[in-house]
Amino acid sequence: MLTIDAIHLREINMPLASPFETSFGVTTARRILLVEIESDGVTAWGECVAGEHPYFSEECIDTAWFITETELAPCLLGKELVGGGACPKLFRQVRGHRMAKAALENAVWDLDAQQKRVPLAQLLGGTREVIPCGVSIGIQPSQAALMEKIAKALEAGYQRIKLKCKPGWDTKIFAAVRECWPEIQLSCDANSAYRIGDIEHIAEWDEFKLLMIEQPLWYDDFYFHAMLQKRLETAICLDEAIRNRRDALAAIDMDSCRIINIKVGRVGGFSEAIAVHNAAAERGIPVWCGGMLETGIGRAHNIALSSLENFSLPGDVSASARYWDEDIIEPGVTVSRTGEITVPTGIGSGFRVQRDRIESLTVRRKTLRATTCVTA
Ligand code: OSB
Ligand code: MG
């Protein structure tokens, strides 16, 4: 049993090593909500992956901060917990706000692993010793710039290249990349930039033998994705649309997708991420771990999650240096020449949090403690 004595919220600001452009815009720096929980003198961290704007999902850092402070933290503080798995029930009354919930729940799992003196990956049920890694390459200022980025990633050993795309940055780009690299594992991610009227346009991509097409249509849709999947040879992978296990079941059953991207923040925490993983595994649907431009804290949690058996496709979990000039964990995450990350075998996440560095990046903070109820 563990009891959460205090929850520290902070916002850090961190410039990205290079700008990241998707169909919703360019990100040059991140505003990130970190939570640190305290129990019996042990502390553990969680990262909230909500963006600066509510573009990927309805959440953003400011809604996450507000809901964590006013709703979620009070649900946890002072409670006796058996572990991270106890969180979803405690948070049940709050609808949505899954990224805010995940930051706290994941911190509780991390804390539990530390108290039990086991690796977080093991506590989650992971079995993989190394995880296969891919990269997500943003929309570039030019085709030449893109080719250069791909060449660099392949040289570093990454096993799969995912291209962010949108109308105007798609078919021609895929053709150019395929011409240069006919055999690599290649995929694309539209972040919902297309509509069902684009069905014939998207069907042209079959010739590029993409590993998958990620979230081409509306962020909350299964019906039109199923219609599109019927028209395609290429597998659709859903990202934004999968919020929980029930969504995964619906999407698989309707054949809206044949691959699922699991982001622990998007589904509300490790418990639900494991449930989605298991539901997909039972139905023969492979999954992979998505990324949200995380710092080392979220990245370490993604690595632990990716150690589960059905994370069989290369994830978007890549080296710290791709995102940050200096990460906030030590050592930074590194990828081998064969495009793999070794799952740490140390206690907890297996990485040390660089408190001094976090301190220097902090722009806002708040400590919440269990309010002692004075009874007459
Ligand atoms: O859709 O996978 C996505 C980044 C921010 C928001 C959404 C997405 C992404 C990425 C980058 O693709 C993944 C990463 O390298 O962290
Ligand atoms: Mg995506």
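We count ligands from 1, going down the list as the structure has it; atoms in each ligand are counted the same way. Because the structure is a prediction, the values reported are computed rather than measured.
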Checking Gln229 side chain against Ile236 main chain: does a donor-acceptor pair fall under 3.5 Å? yes
Numbered atoms of ligand 1 (with element) below 4.0 Å of Asp316, judged on heavy atoms: 12 (O), 13 (C), 14 (C), 15 (O)
At under 4.0 Å between heavy atoms, is it the side chain or the backbone of Arg322 that contacts ligand 1, or both, or neither? neither
Does Arg266 count as lying over the ring of Phe56, i.e. NZ or CZ under 6.0 Å from the six-ring centre, within 45 degrees of the axis? no
Per-atom contacts of ligand 1 with Phe56, taking only distances under 4.0 Å to non-hydrogen atoms: 1 (O), 7 (C)
Which residue owns the protein heavy atom closest to atom 16 (O) of ligand 1, what's the atom, and how far is it? Leu293 N, 2.9 Å
In Glu214, which N, O or S atom comes closest to the Mg ion (ligand 2)? OE2
Nearest-contact summary for atom 14 (C) of ligand 1 - protein heavy atom, Å: Tyr323 OH, 3.3 Å
Could you check whether the rings of Tyr55 and His53 sit parallel, tilted or perpendicular, using 30° and 60° as the cut-offs? parallel
With respect to Asn261, determine whether any N or O atom, backbone or side chain, lies less than 3.5 Å from an N or O atom of ligand 1. no
Mark up the atoms of ligand 1 that fall under 4.0 Å of a heavy atom belonging to Asn191, in ascending order. 1 (O), 3 (C)
Mode of Glu214 contact toward ligand 1 - side chain, backbone, both, neither (heavy atoms, under 4.0 Å): side chain
Measure Asp239 to ligand 1 on non-hydrogen atoms and call it side chain, backbone, both or neither using the 4.0 Å cut-off. side chain
Any donor-acceptor pair under 3.5 Å from Arg178 side chain to Trp181 backbone: yes
Nearest non-hydrogen atom to atom 5 (C) of ligand 1 belongs to which of Glu294, Gln215, Glu240, Met292? Met292
Answer yes or no on whether Arg10 is positioned over the face of Trp65, meaning its NZ or CZ is under 6.0 Å from the six-membered ring centre and within 45° of the axis. no
Tell me: protein heavy atom nearest atom 2 (O) of ligand 1, and distance? Lys263 NZ, 2.9 Å
Answer yes when Glu59 and Arg98 have at least one side-chain N-carboxylate O distance shorter than 4.0 Å, and no when they do not. no
Report the nearest protein non-hydrogen atom to atom 13 (C) of ligand 1: residue, atom name, distance rounded to 0.1 Å. Gly291 O, 3.3 Å
I'd like to know if Arg245 pairs up with Glu272 as an ion pair, taking the criterion as any Lys NZ or Arg NE/NH1/NH2 lying under 4.0 Å from an Asp or Glu carboxylate oxygen. no
Is the closest N or O pair between Phe24 and ligand 1 shorter than 3.5 Å? no
Closer than 4.0 angstrom: is that true for some heavy atom of Lys164 and an atom of ligand 1? yes
Parallel under 30°, tilted from 30 to 60°, perpendicular over 60°: which one fits the rings of Trp218 and Phe224? tilted
Check the pair Asp112, Lys116 against salt bridge (charged side-chain N to carboxylate O under 4.0 Å, His left out), reporting the backbone distance first and the verdict last. CA-CA 6 Å; Asp112 194 25; Lys116 294 190 163 106; 2.8 Å; yes
Under 4.0 Å between heavy atoms, the region of Asp189 that gets near ligand 1 turns out to be side chain
I want to know if ligand 1 touches Ser136 in the polar sense, i.e. an N/O pair below 3.5 angstrom. yes
Would you check, one step at a time, whether the test salt bridge (charged side-chain N to carboxylate O under 4.0 Å, His left out) holds for Asp316 with Arg160? CA-CA 9 Å; Asp316 277 347; Arg160 183 226 63 207; 2.4 Å; yes
Check Thr27 against ligand 1 and report side chain, backbone, both or neither, counting heavy atoms closer than 4.0 Å. neither
The Mg ion (ligand 2) as vertex, arms to OD2 of Asp239 and OD2 of Asp189: angle to 10°? 180°
Are Arg31 and Glu52 close enough, and set up right, to give a salt bridge (charged side-chain N to carboxylate O under 4.0 Å, His left out), and what steps lead you there? CA-CA 6 Å; Arg31 292 176 57 208; Glu52 293 70 35; over 6 Å; no
Decide, yes or no, whether a salt bridge links Asp255 with Lys230 under the criterion of side-chain N to carboxylate O below 4.0 Å. no
